[in-house]
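These values consider heavy atoms only, across backbone and side chains, with no hydrogens, waters or symmetry-generated copies. Residue numbering restarts at 1 for every chain, and letters A, B, ... go by the order of the sequence lines.
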Amino acid sequence: MQNKIDTKIHDHKLVVIVGPTAIGKTRVAIEVAKALGTEIISCDSRQMYREMRIGTAVPEPEELAAVPHHFIGNLSVFDYYNVSMFEQECLQLLDKLFQEHQTVVMAGGSGLYVDALCKGIDDFPTVDPEIRRTVTEKFEEEGIEYLRRQLRMLDPEHYAKVDLRNHKRIMKAIEVCLQTGMPYSSFLTAQQRTRPFGIVKILPDRPREELFERINRRTDIMMEKGLLAEAESLYPHRRLNALNTVGYKELFAYMDGVHDLNTATELIRRNTRHYAKRQLTWFGRDAEMIRMHPDKIDEIIRTAEEQQ
RNA sequence: GGUGCCAUAGCUCAGUUGGUAGAGCAACGGACUGAAAAUCCGUGUGUCCCUAGUUCGAUUCUUGGUGGCACCA
């Protein structure tokens, strides 16, 4: 007897369109959503901040008007936000959207956010800001060795697994240990959640050279649109996490006199390329991705309609 | 036309008292469980301009070219 549980066909479907920055996802997503008469959920950790529009390449007003978008400009740079919140809010929103639409489109480039929604993410309490602040201060004062010692004591199991050179990973684990009084690793199940809807993953892809040309061009367009002025208005808040973002941090450095404007622009181009590469690595290991050229809209629409 | 200096990685350059070479940046590869456009890790990719010598051996020394720069005409 064959086990047929995994091949169950759902009533609803999420079409996920993810890929590196500047590949042309926005246009593809809008065309697909229009063809399917549905809405778009953005999964972009930076387009959520309403103060950051030019540098995050949010869709044009006409594009936003053509198809309803969610999770764009819904936060302020002062807000705390995390993947788990995104997962929860997204699931709730999908519940609502699936009452009206058979299919919903998700588009963006934040791999962790995509995976949190598609595969689920383990649940543990949100860490008190006070605890985060304490751990951060200790790290700044005493360095990564301190973090390692702490983690070895609080959660030896995770200590053995974590990248001990990555302070962010260690800090997160310590924070959760301190918050809950339990080892961070005790929250990790590595279990994939099943979702009550089908998921089709499309990865718009083009030759690297083409992608890099688009990144260069888009950087110029952002500058013409007034990215510098946008960054200047955010300069006082440059320490906020939301502003640790390509396109802004390089201009802050320019304002600090670290380098001239041309250098800053060149660094934006380079850092955007690096970012795109990281995204390619992330999405590339997902075997469910269907690679398609973003210019072949009709094929993508057909795939979005037909695939289960 | 003459004299001098230079030619080494994609770029800027270092170096080898003769044993086929290494830095920075760029580039490339990878990891990723609540700050993820973040954070972290790894990799040298080379007719050492060409040619003929000297030498066991030349990217290194010598001859002659070629190209670039500077100065003098």
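Taking only side-chain nitrogens and oxygens, A:Asn244 comes nearer than 4.0 Å to OP1 or OP2 of B:U39. The phosphate of B:A27 has OP1 or OP2 within less than 4.0 Å of a side-chain N or O from A:Arg273. The shortest distance between the side-chain N/O atoms of A:Asn241 and the OP1/OP2 oxygens of B:A36 is below 4.0 Å. Within the structure, a side-chain polar atom (N or O) of A:Arg169 is placed less than 4.0 Å from OP1 or OP2 of B:U33. Listed pair A:Arg269 / B:A27 fails the phosphate criterion, with no side-chain N or O lying under 4.0 Å from OP1 or OP2. A:Arg278 has no side-chain polar atom (N or O) that falls below the 4.0 Å cut-off from OP1 or OP2 of B:G30. Contact annotation: A:Lys277 reaches the phosphate of B:G30 (side-chain N/O to OP1 or OP2, under 4.0 Å).
No contact: A:Thr21 has no heavy atom under 4.0 Å from any strand.
Here B:A38 is the nucleotide among B:G34, B:A38, B:C40 with the atom lying nearest to any side-chain atom of A:Lys168. In the set B:A36, B:A35, B:G30, B:A35 carries the atom at the smallest distance from any side-chain atom of A:Tyr80. Distance from the side chain of A:Asn166 is smallest to B:C40 among B:G34, B:C40, B:G29.
Position along RNA chain B of the nearest nucleotide to A:Tyr184 versus A:Ser110 favours A:Tyr184 as the more 5'-ward residue.
Using a 90° window around 0 for the glycosidic torsion, B:G30 falls outside it and is classed as anti.
Ring centroids of A:His12 and A:Phe98 are separated by less than 6.0 Å, placing the two rings close together.
Using a 4.0 Å cut-off on heavy atoms, the residues of residues 146-165 of chain A that approach RNA chain B are A:Asp163, A:Arg165, listed by number. Near RNA chain B, meaning a heavy atom under 4.0 Å away, the residues from residues 210-236 of chain A are A:Phe212. Interface residues of residues 252-268 of chain A facing RNA chain B, ordered by number: none; criterion, heavy-atom separation under 4.0 Å. RNA chain B is contacted by A:Tyr113, A:Ile121, A:Asp122, A:Asp123, A:Phe124 of residues 113-127 of chain A, taking any non-hydrogen atom closer than 4.0 Å.
The distance from the CD atom of A:Gln47 to the NE2 atom of A:His69 is 8.5 Å, given to the nearest 0.5 Å. For the atom pair CZ (A:Arg132) and NZ (A:Lys172), the distance works out to 6.0 Å, reported to the nearest 0.5 Å.
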Under the rule of Watson-Crick or G-U wobble with both distances under 3.5 Å, where | means paired to another strand and [ ] a crossing pair, RNA chain B maps to (((((((..((((.....[..)))).(((((.......))))).....((.((..]....)).))))))))).
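Under the 4.5 angstrom side-chain criterion for Ile, Leu, Val, Met, Phe, Trp and Tyr, the cluster partners of A:Leu154 are A:Phe124, A:Val127, A:Ile131, A:Val135, A:Phe139, A:Ile144, A:Tyr146, A:Leu147, A:Leu151, A:Tyr159, A:Val162, A:Leu164, A:Ile170, A:Met171, A:Ile174, A:Val176, A:Leu178, A:Met182, A:Tyr184, A:Phe187, A:Leu188.
Taking 3.5 Å as the limit, the base of B:A35 and the side chain of A:Arg46 contain no donor-acceptor pair of atoms between them.
Protein atom CG of A:Leu280 is 8 Å distant from nucleotide atom P of B:G29, rounded to whole Å.
The pair A:Arg291-A:Asp205 meets the salt-bridge criterion, since a charged nitrogen lies less than 4.0 angstrom from a carboxylate oxygen.
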